[in-house]
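Report on the structure given below.
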Amino acid sequence: MKICTLPLLLAGLMLAAGAHASAATHVTATQGWIRILPGKLPAGAYVTLTNSSDQAEALSGASSAAYAEVMLHQSSTQGGVSRMYKVKSLKIPAHGTASLTPGGYHLMLMKAVRAVKPGDIVKITLRFSDGSSLVSDFIARPANAMGASD
């Protein structure tokens, strides 16, 4: 009896690929928006990240052709003093969400390559700790916006 090994080999490879799927395969980005500030001031980018996998994932950075620098930051207020600092990553829990919001975690967009105006769509590449990435659209909103649809 002759056994055809090619279909078995392909099935095994497909199973192995599924077992080691990247974070970008399991994470979706929704409600992405950017708060545009006047002049050459940096902008803030916000988004909701949803993880459909059984394991926690981590956002570790981002980039955009529209900005020279993109950094992951966290804002906090203690004793009436607001602070902002750069962080290495943001955990996205298994079967959960992590939100980048004003006053919390956000992407700091520095040195716009060209002027970004309210209504513009900016592509931002989100990078995860496993080396995978996800390109997502962010809508530019005015300085007084509090969300993606203001």
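Residues take their numbers from the sequence shown, with the count starting at 1. Just so it is clear, the values below take in all heavy atoms, side chains as well, and ignore hydrogens, waters and symmetry mates.
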Practice item. In sequence, state the C-alpha distance, the side-chain angles, and the governing distance for Val87 and Tyr105, and then conclude on side chain to side chain contact (heavy atoms under 4.5 Å, CB included). Key: CA-CA 9 Å; Val87 295; Tyr105 287 98; 4.0 Å; yes

Would a 4.5 Å heavy-atom cut-off, applied to side chains only, mark [X] and [Y] as touching?
| X | Y | value |
| --- | --- | --- |
| Leu49 | Leu59 | yes |
| Pro142 | Pro118 | yes |
| Leu72 | Leu100 | yes |
| Asp120 | Arg114 | yes |
| Leu134 | Phe128 | yes |
| Pro102 | Arg35 | yes |
| Ser64 | Val122 | yes |

Quick check: closest heavy atoms across [X] and [Y], and the distance to 0.1 Å?
| X | Y | answer |
| --- | --- | --- |
| Ser52 | His95 | O-CE1, 3.1 Å |
| Gly32 | Val47 | CA-CG2, 3.9 Å |
| Thr125 | Ser133 | CG2-CB, 3.7 Å |
| Met108 | Pro42 | SD-CB, 3.4 Å |

Could you give the distance from [atom1] ([X]) to [atom2] ([Y]), rounded to the nearest 0.5 Å?
| X | Y | atom1 | atom2 | value |
| --- | --- | --- | --- | --- |
| Glu69 | Lys111 | CD | NZ | 4.0 Å |
| Asp137 | Ile121 | CG | CD1 | 6.0 Å |
| Ser63 | Arg127 | OG | CZ | 5.0 Å |

Any donor and acceptor pair, going by atom type alone, linking the side chain of [X] with main-chain N or O of [Y] inside 3.5 Å?
| X | Y | result |
| --- | --- | --- |
| Asn51 | Pro93 | yes |
| Arg83 | Ser75 | no |
| Ser99 | Thr101 | no |
| Ser132 | Ala24 | yes |
| Thr50 | Thr97 | no |
| Asp130 | Ser22 | no |

Exercise for review: State yes or no: do Leu37 and Val113 share one hydrophobic cluster built from I, L, V, M, F, W and Y residues joined by side-chain heavy-atom distances below 4.5 Å, directly or via other members?
Suggested key: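 No, Leu37 and Val113 fall in different hydrophobic clusters.
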
Exercise for review: Could you state whether Leu41 and Met110 fall into the same hydrophobic cluster, counting links through intermediate Ile, Leu, Val, Met, Phe, Trp or Tyr residues with side-chain heavy atoms under 4.5 angstrom apart?
Suggested key: no

Point to revise | His106 and His73 aromatic ring geometry - parallel, tilted or perpendicular at 30°/60° bounds | key: perpendicular

Review point. Going by distance alone, is a donor N or O of one side chain under 3.5 Å from an acceptor N or O of the other, for Ser82 and Thr77?
Key: yes

Review point. Hey, is CD on Gln55 packed in by over 12 heavy atoms from elsewhere, all under 6.0 Å?
Key: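 No, CD of Gln55 has 12 or fewer neighbouring heavy atoms, counting only those of other groups under 6.0 Å.
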
Review point. Are more than 12 heavy atoms from other residues, nucleotides or ligands located less than 6.0 Å from atom CD of Gln74?
Key: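 More than 12 within 6.0 Å, yes.
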
Practice item. Flag the pair Trp33 / Tyr46 as yes when their ring centroid distance falls below 6.0 Å, and as no otherwise. Key: yes

Exercise for review: List the steps, then state whether side chain to side chain contact (heavy atoms under 4.5 Å, CB included) holds for Leu126 with Leu107.
Suggested key: CA-CA 10 Å; Leu126 305 171; Leu107 296 172; 3.9 Å; yes

Point to revise | Step-by-step side chain to side chain contact (heavy atoms under 4.5 Å, CB included) determination, Glu57 to His26 | key: CA-CA 9 Å; Glu57 304 292 355; His26 300 292; 4.2 Å; yes

Check your understanding: Could you go step by step and tell me if Ile124 and Ile34 meet the side chain to side chain contact (heavy atoms under 4.5 Å, CB included) rule?
Key -> CA-CA 10 Å; Ile124 296 179; Ile34 298 170; 4.3 Å; yes

